[in-house]
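Some notes on the structure that comes next.
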Amino acid sequence: MTFEAVIERDVSVAPAELGVRRTRFWTLRRVVTPIVIVVVLLVLYLWIQTLTIDSIMARTLNADYILLRTREHLVLTFVASALVAVLAIPSGIIASRTRSRLLRGTILTIANIGQATPAIGFIILLAIIWQIGFQTALIALVAYSFLPVLRNTMVGLAQIDPNVTESARGMGMTPGQVLMRIELPLAVPVILAGLRTSLVFCVGVATVATFIDAGGLGDMIVNGLKLQRFPVLIAGAVIVSCIALLIDWLASIAEDLLRPKGV
Amino acid sequence: MTGFDFPGLLAFWGKRSDDILTLVGEHLLVVAIALLLATVIGVGVGLLVWNSPVGRSLAVTSAAVILTIPSLALLAAMIPLFGLGWVPTLIGLTLYSLLPIIRNTVVGLREVSPAIMESATGMGLAPGAVLLRIQLPMAWPVIVTGVRVAAQLTIGIAAIGAYVGGPGLGQMIFQGLSSLGSKNALNYALTGTLCVIILALIVDGLFTLITRYTTSKGLRA
């Protein structure tokens, strides 16, 4: 057993997987997650109802404000993830098509350094160099999740048994057909795992976007802290965590549905 | 828009090298303590649950849920309980490190060939001894890989810890944000970010050595 193999597997496999895949579709975790989220939000709501709300808290702890921030948060997350999917997957395919080892090595190295870059540092640097606001946060999110998805696309395509592609070619498929009908479907699980990680990640980084005035639920956390109103802080933190869990849950379902049947 | 001024950056480094080194040290220290705690807890949990399907999936799932929670939310949510400072950062980083460590411990322990465990039993080792003297050493390289992944993760997250009063290079990054518009804003944020990246890469390299020197002699390639 080589260490490299262990590392590769560890990084490329989605966090939730452990050995057993593809058993039943509605596993315990599948069912429990949304129930837990609903219960947690309900408890939060009831808890806030019992508190005496002063005028400062009332400004943030109302449905309009929370829905507005949630919408900002979701828009940021989904627009960034959609852009990443559209940009990074084709780039990954092109990158894996090149014969040049140098190019591939360079991309993987940059991807590794990108992973070592703290999101908060990157987003703040971008704000200082360029401007604060929503657009900056969006670009930071895209740039930040671009590399993992690109890398997973490359890894997904590279891990395909060469015998399989060779037999496809032997059956008379053109390179394009091999890519579309053999390689991409086989790489789908790894590519989707990358997208799922990047989605969850975007929810987290979108929270930090509050520091550069890009809105989102991070606002509630920061305001709660600044104004010494802990219920506001807790509400923001709990809601954003529930969103992250919900998106991860939806992505795990998408992963199972989109995976090719034979794999 | 701030122009980039390289000599200015060098002068900044020269003037503040003491501060920078202190922050690098703090950053390393908080990550190291968190990793140590997480390794003790994670390997302990892994040893307890590796052989029970329910316990295993419970441990891995709860650790995965923690990792899904945005770091700012988790760190901020601990302020009402623990106040500002090192403690929330330390606890947050420990919690985030648990998933890779528990998962790799379980995977590593399960990967040991049953034939080896059977021969150990045949030689008269009690089940506990098989676990600690045979399985654990054989799983160790995989466990260290988990710690290594956790290290990469926490070095980045620790930067956000500065917002809850935690130690480390995040202070420099936030200093850059709060002096937005001034000449040194870019210098602060750039220095903080670069140091975190370099730290992450160095620590990753160190783990190659740690793996080599903590793996049982007979297993070294």
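The analysis underlying the following values was restricted to heavy atoms, covering all of them including side chains, and did not include hydrogens, waters or symmetry mates. Residue numbers begin at 1 in each chain, while the letters A, B, ... track the order of the sequences.
- The number of heavy-atom neighbours closer than 6.0 Å to CD of A:Gln131, taken from other residues, nucleotides and ligands shown, is above 12.
- When every heavy atom of A:Ile234 is checked against every heavy atom of B:Pro80, the shortest pair comes out as CD1-CG, 3.9 Å.
- Nearest heavy-atom pair, A:Pro118 versus B:Ile197, reported as atom, atom and distance to 0.1 Å: CD-CG1, 4.2 Å.
- Heavy-atom minimum distance, A:Ile128 versus B:Gly176: CD1-O, 3.8 Å.
- Taken to the nearest 0.5 Å, the CG atom of A:Asp248 stands 11.5 Å off from the CD1 atom of B:Ile69.
- With a 4.5 Å cut-off on side-chain heavy atoms, A:Phe211 and B:Leu72 count as touching.
- Residue A:Ile120 touches chain B through both its backbone and its side chain, counting heavy-atom pairs closer than 4.5 Å.
- One finds the CD1 atom of B:Ile79 at 4.0 Å from the CG atom of A:Leu225 (value rounded to the nearest 0.5 Å).
- Residue B:Ile173 holds its CD1 atom at 12.5 Å from CZ of A:Phe122, rounded to the nearest 0.5 Å.
- A:Ile221 approaches B:Ala76 most closely through the heavy-atom pair CG2-CB, 3.3 Å.
- Contact of A:Val222 with chain B is made through backbone and side chain together, with heavy-atom distances under 4.5 Å.
- A:Gly204 approaches B:Pro70 most closely through the heavy-atom pair CA-CB, 3.7 Å.
- Residues B:Ala189 and A:Ile124 come closest through the heavy atom pair CB-CG2, 4.2 Å.
- Between chain B and the options A:Gly236, A:Gly224, A:Ala237, the largest number of non-hydrogen pairs under 4.5 Å is found for A:Ala237.
- Atoms OG1 and CG, on B:Thr193 and A:Leu126 in that order, are 11.0 Å from each other to the nearest 0.5 Å.
- Looking at A:Ile243, there are no atoms closer than 4.5 Å to chain B (heavy atoms on both sides), in backbone or side chain.
- With a 4.5 Å cut-off on non-hydrogen atoms, B:Ile155 does not touch chain A at all.
- Considering B:Leu177, B:Leu186, B:Leu194 in turn, B:Leu186 is the only one that fulfils the side-chain contact (heavy atoms from CB on, under 4.5 Å) rule with A:Leu125.
- The distance from atom OG1 of B:Thr68 to atom CZ of A:Arg196, rounded to the nearest 0.5 Å, is 8.0 Å.
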